[in-house]
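Counting starts at 1 for both ligands and their atoms, following the listed order.
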Amino acid sequence: MTTPQVMRIMALSINTAARAGSIIREVMQRGNLGIVEKEGKDDLQTEADRSAQQCIIASLSRKFPNVKIIGEEGDSNLDVKDEWLISEENEEFLTHKCPEDLREVKEEDFVVWVDPLDGTSEYTQGLLEHVTVLIGVAIKDRAVGGVIYQPYYKQTNGSIGRTIWGLKGLGTGGIEPKTAPKGQMIITTTRSHLTPLVQQALDALSPTEVIKVGGAGFKVLQLLEGKAHAYVFASPGCKRWDTCAPEAVLEAWGGTLTDLAGIHYSYAANVEFKNRMGVLATIPEISHSDIAGKVPKEVLEALRS
Ligand code: AMP
Ligand code: MG
Ligand code: MG
């Protein structure tokens, strides 16, 4: 019996994300980050972003030439060193059973959204634990699977880095999700892109605590680690590659990630990249629609305009 495409794409993404993570560590170790401002000081790119993206897109497109792959760093030179080309699919992942409804999806129906290094500001500032590699797998317009690799996560056995994956209908791997404490409302949000509008939305939700960390990937991991109940970001600054993998991983656990109006983003190949209506993510125990209902109309209107 042939292995379903979704399982193969996820299995290759798992191994490729780890290789991209090791490239990110290598660039930091060499010490010359090659920082470039893309659209000003709020939007940086380093040698690590560029090289990690080349590794991911070259590896995935070689094995899955008919899959549409969209990376944050634009068109990459795919003529990459052999040592950056990953061709082995993750064997442990392939031992899982493919969800019935995903078995027959054709290669042409996949869209893969790649953020080779999420949390670049934090990377350049040495806040390395905030950094993640994000590979999101969409089928037509839905985020279905995701891989989040943390290149600087310290394992209890002393090794460095960990991979977390999620596939809707199958569940999550690489983490045992925990639920944040009852009776509190801990919100995680941006540390480097705070604006008055972001603050206004936070205030309206009466959090008991606000945690400020970098990256969309790291914030969603805080939900899975039981450190926060919700991720709230009233800004058009995130893009589809920031949320595709985190949405799939969170929703594979039973949580929800949408815009601030409570509507899922489309991850179809032809959509605009910006998540104009912000980000709202909640753990399974929280009513997502209740929280969305508390976001002030003025905040939604400001994002719409
Ligand atoms: P943050 O929560 O601020 O760490 O942002 C999460 C992701 O969205 C990161 O990839 C950021 O680079 C991106 N992002 C958020 N706000 C902006 C912005 N104003 N300009 C550019 N990128 C942004
Ligand atoms: Mg990002
Ligand atoms: Mg990035």
Side-chain angles (χ1 to χ4, degrees), residues 17 20-21 23-24 27-28 33-57 69-74 76 112-136 143 146-152 187-199 201-202 210-223 227-228 230-247 249-250 257 259-260 265 267 272-281 302-303:
I23 293 172
I24 290 170
V27 171
M28 181 56 79
L33 297 189
I35 299 173
V36 175
E37 288 186 5
K38 289 195 288 187
E39 287 175 33
K41 62 175 175 40
D42 284 342
D43 205 359
L44 305 178
Q45 185 198 64
T46 71
E47 186 56 37
D49 300 68
R50 292 184 286 274
S51 300
Q53 167 149 321
Q54 273 185 288
C55 156
I56 296 168
I57 300 203
I69 306 172
I70 304 171
E72 170 168 14
E73 312 311 339
S76 295
V112 175
W113 292 89
V114 177
D115 187 342
L117 195 171
D118 184 43
T120 302
S121 310
E122 286 70 24
Y123 180 70
T124 63
Q125 294 165 29
L127 291 166
L128 300 177
E129 68 275 24
H130 299 214
V131 170
T132 58
V133 176
L134 304 176
I135 305 180
V147 178
I148 304 179
Y149 182 76
Q150 292 182 283
Y152 293 98
I187 299 185
T188 180
T189 193
T190 185
R191 64 170 283 284
S192 59
H193 299 100
L194 199 68
T195 63
L197 198 69
V198 169
Q199 190 59 49
L202 292 172
V210 175
I211 309 174
K212 293 179 177 152
V213 297
F218 191 56
K219 282 190 266 293
V220 163
L221 287 180
Q222 292 203 306
L223 302 191
K227 293 182 177 153
Y231 163 19
V232 181
F233 188 46
S235 154
C238 282
K239 319 286 187 314
R240 293 298 196 274
W241 44 75
D242 291 305
T243 50
C244 186
E247 176 178 327
V249 172
L250 180 64
L257 188 150
D259 70 14
L260 273 179
Y265 281 109
Y267 294 93
E272 71 152 347
F273 300 152
K274 271 193 173 177
N275 292 353
R276 287 192 182 278
M277 293 299 291
V279 179
L280 174 62
L303 289 172

Which segment of T190 sits under 4.0 Å of ligand 1 when only heavy atoms are counted: both
Criterion ring pair (Phe, Tyr, Trp, His ring centres under 6.0 Å) against H130, the qualifying member of Y123, F218, Y152: F218
Contact atoms of ligand 1, heavy-atom distance to A216 under 4.0 Å: 6 (C)
Between T132 and Q150, a side-chain donor and acceptor under 3.5 Å: no
With Y265 via side chain to side chain donor-acceptor pair (under 3.5 Å) - residues at least two apart: none
Sub-4.0 Å heavy-atom contact, K239 with ligand 1: yes
Enumerated ligand 1 atoms positioned under 4.0 Å from heavy atoms of D42: 20 (N), 21 (C), 22 (N)
Structural part of K219 in contact with ligand 1, heavy atom criterion under 4.0 angstrom: side chain
Minimum non-hydrogen distance to atom 15 (C) of ligand 1, winning option of H193, R191, Q45: H193
Sub-4.0 Å atoms of ligand 1 with respect to non-hydrogen atoms of F233: 15 (C), 16 (N)
In the protein, N/O/S atoms that are found under 2.8 Å from the Mg ion (ligand 3), waters not counted: E72 OE1, D115 OD1, L117 O
Residues forming a salt bridge (charged side-chain N to carboxylate O under 4.0 Å, His left out) with E272, sequence neighbours excluded: R276
Polar contact flag, side-chain donor to acceptor under 3.5 angstrom, S76-Q53: yes
Inter- and intrachain pairs under salt bridge (Lys or Arg N to Asp or Glu O under 4.0 Å), touching residues 44-56, at least two apart: E47-R50
